[in-house]
Structure formats: structure tokens, C-alpha cells
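See structure below.
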Amino acid sequence: MSRAPRSAVLSVLALAAALAVPTAGPPAPARAAVHHTGDEAAVLGEEHARAHVRLRRAAEGTRGYPQARRTASLASLEESQRRTNARFDAARFGRFTQFFPSPDFGVHVALLPTGKVLLFSFERVEADPTKETGPTNTVGRTNAGRAWLWDPAAGTGARAFRNVPPPVVLVPDGTYSPRPAPFFCAGHSYLPNGMVGVFGGNVGGKGGSGARLSFVFDPWTEKWFRNRDMAVGRWYPSVVTGADGRQIIMSGQSERGTGTPTPVVERFPALGHRVPWRPYDIPAGVPAERLRSDAPFRNDYPHLFSLRDGMIYGLGRDADQQWLFDPVADLRSDLPRRPADFRGYGSAVPLPAGFRGPDSVLVLGGDPHDPHTYRLSGGRWTTEEPRAFGRTQDGTLILPDGTLLTVNGALDTRDYGHGPFNPKADLKYRQIEVRDARGRWTLGPAQRLPRGYHSNALVLPDGRMMVTGDELQQIANDPDIEDGMDGSIELYEPAYLHRGARPVLDRVPAGDLRYDTAFQVSSSTAKDVKRAVLLAPTTVTHSVNTSQRHLDLRLTGVRGDRIGLRTPPAAADAPPGHYMLFLLDAKGVPSTAKWVKLGTR
């Protein structure tokens with residue numbers, strides 16, 4: 001983790017202490033702070049001046065919401081978690097383990113094929129959790145993005161994080177002030193070479209307005225690369241990777257601001273440009289292209305899935321906006337109306353379907369008054385088993401054993417049961433919920449923090465689950481609001497990690513694997529292996545996770561420490577890219593995963 005020179009740090013801390021003294025009158029408006037930054041930058045340098053502004057705002061937030069209150073809140077949550085979870089057997093329900101600070105809010109997260117996790121969000125403009133934290137309406141250089149890498153292999157301390165700031169851009173907001181790209185509330189998915197394509201962001205003002213920004217993050221060089229701007233601005237778009245490895249981009253609020261969603265559909269990279277396949281195929285300056293078909297979603301962040309028929313399923317938040325997109329013919333057709341009415345930010349999951357790719361989707365959450373889950377399969381909707389209660393802002397993950405796990409959630413966008421922008425939360429929203437092989441849901445242990453809006457989770461290669469996000473709750477429970485670590489991460493161990501020794505996966509093929517082809521892996525516990533599965537990595541934001549996928553692999557035989565397997569039938573079953581390969585025993589206990597890459601150019 002990069003650090004400022006010691007003298008600079010000491011001077012900034014001294015300034016923060018001076019600014020902590022209460023002053024008369026209301027704090028200066030955000031626009032004035034922007035101008036002040038420019039004056040300081042001429043003397044101190046841009047980054048040092050930005051640090052001063054952030055600390056001034058932190059001091060203001062500390063007066064309005066003092067550190068003692070944050071410390072007491074976190075201690076209370078820790079104690080209620082301990083009491084609640086004492087009654088849950090880890091072998092049946094799993095357990096939450098570590099809780100530690102993070103330098104980012106984790107509004108967006110992506111598991112990379114290096115095993116590291118990319119987190120990105122925004123520079124906060126407020127440290128009082130009863131106010132809006134992010135620079136949604138901010139115009140100027142403080143409307144900026146930030147990004148970090150967490151390396152789980154390096155532990156949980158500050159040294160396990162590395163700053164990977166986005167490129168500096170000029171935003172068409174009237175000021176054209178250079179700043180790290182404000183790409184928060186963008187859409188993203190993976191390219192076949194493991195890079196993350198990120199599209200859209202916030203120009204600022206107008207309740208948030210769409211940016212045309214287009215980037216990739218390269219996990220191999222750990223750098224960002226900018227591509228040509230999209231045809232339209234997008235604020236809260238969705239992105240999904242199709243069977244050909246290209247990304248389809250839909251929806252998002254336009255440059256005109258909130259309330260003006262764009263119907264334009266784009267594809268990246270444009271036809272005529274190669275799909276990035278190898279680690280050194282870095283898209284830079286590559287265009288997207290506009291498709292003929294449109295996607296007139298009335299509300300942002302629709303759920304998009306590429307299923308095994310090769311079609312893109314666009315499941316809108318409005319019940320009557322459920323569409324099927326053919327990315328080859330460039331056509332849109334109607335799907336049946338969903339039984340439930342409008343859904344806010346809730347999760348949706350492509351259900352595991354054995355040796356083939358998914359052919360159905362389970363929609364859940366998004367309505368705090370409706371606990372039911374809804375399945376789209378074969379062109380028709382059915383109402384499935386309900387969860388214990390309705391919740392919004394939830395995340396549902398597919399675990400290596402094929403079970404589903406819901407984490408996070410709230411009553412409404414910033415309401416955890418006691419009114420908006422109130423950090424107090426009903427305990428139930430902190431409890432996980434697990435769906436077994438029969439489709440039945442069971443409540444489990446509670447996480448430390450309630451996490452609703454902007455909360456996220458993903459499965460790590462070692463089988464644990466990482467939980468983060470929700471800047472309101474993170475700053476309301478920050479053990480030190482002035483230390484620059486204003487986010488937090490919690491780790492959860494699913495029940496399968498408490499059922500005895502794990503199988504071992506020693507070696508997997510290093511090259512690209514063709515579809516419908518035999519290959520071998522080695523395992524010192526080969527005789528105990530009963531199942532092999534592929535689990536796609538997760539990149540998620542706002543409860544929208546278009547990338548996750550779970551497939552079983554056919555076992556073709558075991559000879560000594562060699563296990564014969566067969567890849568999925570076709571790219572529509574599993575779009576080209578990197579997958580985690582897990583071996584499981586008869587009790588469903590998984591090995592630590594190793595990465596394999598599906599598809600050849």
C-alpha cells in the first residue's frame with residue numbers, strides 16, 4: 001500500500017487536528033471546497049490538496065457524528081453478533097470469522113483470476129452517515145473515483161491493499177477539471193482474458209448523470225486502460241458477457257440526468273476488433289458499437305444473463321419489462337410478464353443445471369413485503385419457495401456445492417427498519433439465508449454490520465465468502481474515521497468448511513481448454529473426489545451480478561492421483577474466460593480452487 005512521505009502525513013494530521021475545533025456557522029458548500037482545492041493545489045500539489053479537503057470534511061463529519069458514537073455502535077454490533085451466533089452450529093450454518101478495515105467502500109467488487117479482489121467506488125464528500133456520502137450531485141474535481149486491490153494471500157492488514165487509481169479524465173460537467181475517473185455506479189463484466197470491462201459513471205449534478213466512460217482493468221499488470229467513449233452516457237447500466245466473449249451494455253441514466261434512461265444497446269469490443277483473449281491482449285482506445293435493437297428499460301440496473309441457448313435475458317425491475325435479446329441476429333422479443341410487481345435492487349441468480357449451462361433464473365429480493373422467489377424457465381414464470389422475509393439490497397451467491405446463500409439486505413435503499421439514513425438496523429437484515437438442494441431456505445448466523453445499499457459479496461477461491469459495501473454503515477461503524485480506512489470487509493466460512501478434511505487439488509492444465517474435450521487434473525486425495533465443478537468469478541454492484549455461473553464437470557475416470565474430466569459442451573454453456581475449479585467429496589466439502597481457462601481463439 002503506497003504511503004505519503006512522513007512529513008506530508010504529519011502536516012495533514014496536524015491540519016486535521018486544528019480543523020476538529022468547532023467553528024461557528026454552517027460548513028462551506030461543496031462548490032467552495034472545490035475552489036479551495038484549486039488554490040491549495042498550486043502550493044501543495046494536487047494530491048496533498050485533495051487530502052486536506054478530505055480531512056476537512058472528515059472533521060466536519062466527526063462533529064456531526066462523533067467518533068465515540070461510531071466506536072460504541074461497532075462494539076454493540078459485535079456483541080449482538082456474538083450473542084446471536086452462539087446458537088448456530090458451524091457444521092450446519094457456517095460462521096463469520098474475520099472483520100477488518102478496508103481503504104474502499106466496495107461499491108463495486110470483482111474477483112480476479114490472480115486471486116486478488118478489485119474494489120472501487122468514490123471519494124466521499126461526507127463523513128456523517130445521516131447524510132449522503134457520495135458525490136452524486138457534485139460538480140467538479142471532488143466528483144472522483146478510487147480503486148484498490150486486496151490480496152487475501154497477504155492477510156487483512158493495510159499492507160494487503162494496493163492503490164490502483166483510475167485514469168485521470170476531463171469530465172464534461174462545465175468545469176472540465178481533471179480528476180480520477182468518476183466511474184462509480186458503472187456496469188461491468190469479464191472479458192475472456194480475465195480483464196474487467198467497466199462502462200459508464202457519473203458526470204455529476206442532476207441527481208447523477210451518465211458518463212460515456214469505457215475502461216478495462218488488467219489483473220496481470222494491475223493497471224487501468226481507457227477505451228473510446230461509448231455512444232451515450234450511462235449512470236447505473238448493466239453489462240453481461242455473451243457466448244462470443246463480447247460484452248453487451250444496456251440501460252443507465254443518460255447525460256441528461258436521473259429520470260432519463262437510455263434505450264441504446266452497445267457491444268464491446270465492436271465487430272471488426274478482436275475479442276481480448278490472451279493476457280497481453282490489452283484493449284486501449286478500442287470502440288464499442290451501437291446495435292440496432294434497443295432496450296427501453298424504464299428503470300436502471302436490469303438483471304442480464306447469458307443462458308445456454310446463447311440468448312441474453314434482460315429481466316427488468318418492472319414486471320412488464322422482461323425481454324429476450326438475440327446478440328447475433330440483433331433482435332429483441334418479449335418474455336412473459338413476471339408474476340410479482342416492481343422490484344427494487346434485489347438479487348437474481350442463474351440456477352445450476354448440472355453438466356450444462358444454466359437454462360433458468362431465480363429472481364429474489366427487491367421487495368421488502370414479498371418473501372417469495374420467482375423462477376423463469378422454459379419461457380414461463382413459476383413462484384418458488386419463499387425466504388423467511390422480504391428484503392432489498394440483498395446479494396445471493398452460488399456456492400461451490402450448488403447451494404445458494406443470501407447475505408446483506410435492508411427494508412429500503414437507506415432504511416434498515418428505523419427510517420432512512422438511520423444506522424440502526426433490525427437484526428434480521430444481518431442474518432444470512434441458505435437455499436438447499438431441495439429449494440428450501442433456512443436462516444443462519446448474523447454478519448457484523450448491516451449492509452444494504454451498495455453492499456456486495458463474492459466467493460473466494462478458498463471457498464470462503466467476502467462481504468463488503470454499504471458506505472453508510474461502514475462510516476457509521478468506523479473504528480477510526482480519520483485513518484483513511486473508511487471501509488470494512490467481513491469473511492464468512494460456509495458450513496462445508498466445518499465438516500472435516502478437504503479434498504486436495506494439486507494441478508490443473510495451464511493452457512486454454514477447448515469445449516467438450518477431455519482433460520486431467522491431479523489430486524493426492526483423488527479416491528475421495530465425487531464431484532468436480534466450475535464456478536465463475538463474481539463481479540457485482542447494486543445486487544446485479546451477471547457473471548456468476550455453476551457447472552458440474554463429467555468425471556471420466558480416476559487412475560492413481562489422476563482424475564479425468566470433460567469440459568462443458570459449448571461456449572453458450574460457459575462463456576469463454578477464467579473459472580474456479582473445485583473438487584468435492586461425498587459430504588460436499590470443496591477443495592481450494594485452482595483457475596482454468598475455457599475456450600480457444
Side-chain angles (χ1 to χ4, degrees), residues 109-113 187-197 238-248 303-315 327 347-364 375-377 395-406 435 437 456-461 463 465 508 512-513 515-516 531-541 543-554 565-584 590 593-599:
V109 298
L111 175 64
L112 305 176
H188 32 89
S189 70
Y190 296 98
L191 289 162
N193 63 355
M195 297 182 185
V196 183
S238 296
V239 185
V240 67
T241 303
D244 62 355
R246 298 182 191 271
Q247 296 170 304
I248 303 297
H303 292 289
L304 303 181
F305 296 104
S306 177
L307 299 189
R308 74 178 184 207
D309 57 6
M311 301 292 107
I312 305 297
Y313 288 72
L315 308 182
S347 48
V349 178
L351 290 172
F355 302 118
R356 297 291 309 277
D359 61 358
S360 65
V361 176
L362 192 69
V363 175
L364 21 65
R375 181 173 180 170
L376 176 65
S377 179
T396 300
L397 295 173
I398 313 173
L399 300 183
D401 62 359
T403 58
L404 304 185
L405 189 150
T406 291
R435 181 181 185 268
N456 291 305
L458 55 78
V459 177
L460 296 168
M465 189 175 74
V508 299
D512 296 353
L513 296 175
Y515 292 100
D516 200 20
R531 191 178 178 192
V533 302
L534 293 180
L535 190 68
T538 278
T539 179
V540 60
T541 187
S543 301
V544 174
N545 184 341
T546 68
S547 62
Q548 53 174 342
R549 206 177 198 89
H550 181 287
L551 294 98
D552 280 83
L553 296 178
R554 297 185 187 278
L565 301 171
R566 195 167 192 88
T567 56
D573 293 289
H578 292 78
Y579 291 78
M580 292 179 283
L581 172 56
F582 290 92
L583 301 179
L584 290 83
K594 290 191 179 298
W595 293 92
V596 296
K597 184 164 178 279
L598 282 183

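What you see below is based on every heavy atom in this structure, not just the backbone, and it leaves out hydrogens, waters and symmetry mates.
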Q) Partners of Ser238 by side-chain hydrogen bond (donor to acceptor under 3.5 Å, both in side chains), sequence neighbours excluded? A) none

Q. Listed by chain and number, what are the side-chain hydrogen bond (donor to acceptor under 3.5 Å, both in side chains) partners of Tyr579, not counting sequence neighbours?
A. none

Q: Compare every heavy atom of Leu362 with every heavy atom of Arg375, then report the nearest pair and how far apart it is.
A: CB-CD1, 4.0 Å

Q. Is it true that the side chains of Ser547 and Asn545 contain a donor and an acceptor less than 3.5 Å apart?
A. yes

**Q.** Minimum side-chain heavy-atom gap Met580-Trp595 below 4.5 Å
**A.** yes

(Q) With heavy-atom distances below 4.5 Å as the criterion, would you say the side chains of Leu598 and Leu534 are in contact? (A) yes

Q. Which heavy-atom pair separates Ser360 from Leu307 by the least distance, and what is that distance?
A. N-CD1, 4.1 Å

(Q) With a 4.5 Å cut-off on side-chain heavy atoms, are Ile398 and Leu404 touching? (A) yes

Q: Indicate the atoms forming the closest heavy-atom contact of Phe305 with Pro350, along with that distance.
A: CE2-CD, 3.5 Å

Q: Measure across Phe355 and Leu551 and return the closest heavy-atom pair with its distance rounded to 0.1 Å.
A: O-CD2, 4.1 Å

Q) So Lys597 and Asp512, side chain to side chain contact (heavy atoms under 4.5 Å, CB included) or not? Walk me through it. A) CA-CA 5 Å; Lys597 184 164 178 279; Asp512 296 353; 3.4 Å; yes

Q | Any Leu535 side-chain heavy atom under 4.5 Å of His550 side chain | A | yes

Q: For residues Thr539 and Val196, report the shortest heavy-atom separation together with the two atoms involved.
A: OG1-CG1, 4.4 Å

Q.
The test is side chain to side chain contact (heavy atoms under 4.5 Å, CB included); show your working for Leu111 and Thr538 and say whether it passes.
A. CA-CA 6 Å; Leu111 175 64; Thr538 278; 5.6 Å; no

Q. Looking at side-chain heavy atoms only, is the closest gap between Leu405 and Thr403 below 4.5 Å?
A. no

**Q.** Contacts of Thr396 that satisfy side-chain hydrogen bond (donor to acceptor under 3.5 Å, both in side chains) - sequence neighbours left out
**A.** Ser347, Thr406

Q. Got Asp244 and Pro575 here, is their nearest side-chain heavy-atom distance under 4.5 Å?
A. no

Q: Tell me, please, which residues at least two apart from Asp359 pass side chain to side chain contact (heavy atoms under 4.5 Å, CB included).
A: Arg308, Ala353

Q. Can you name the residues that form a side chain to side chain contact (heavy atoms under 4.5 Å, CB included) with Pro576, not counting sequence neighbours?
A. Pro192, Trp277, Tyr515, Ala571

Q) What residues form a salt bridge (charged side-chain N to carboxylate O under 4.0 Å, His left out) with Arg554, not counting sequence neighbours? A) none

Q. Hey, does Arg435 have a side-chain heavy atom less than 4.5 Å from the side chain of Leu351?
A. yes

Q.
Restricting to non-hydrogen atoms, name the atom on Arg549 and the atom on Ala572 that form the minimum distance, rounded to 0.1 Å.
A. NH2-O, 3.1 Å

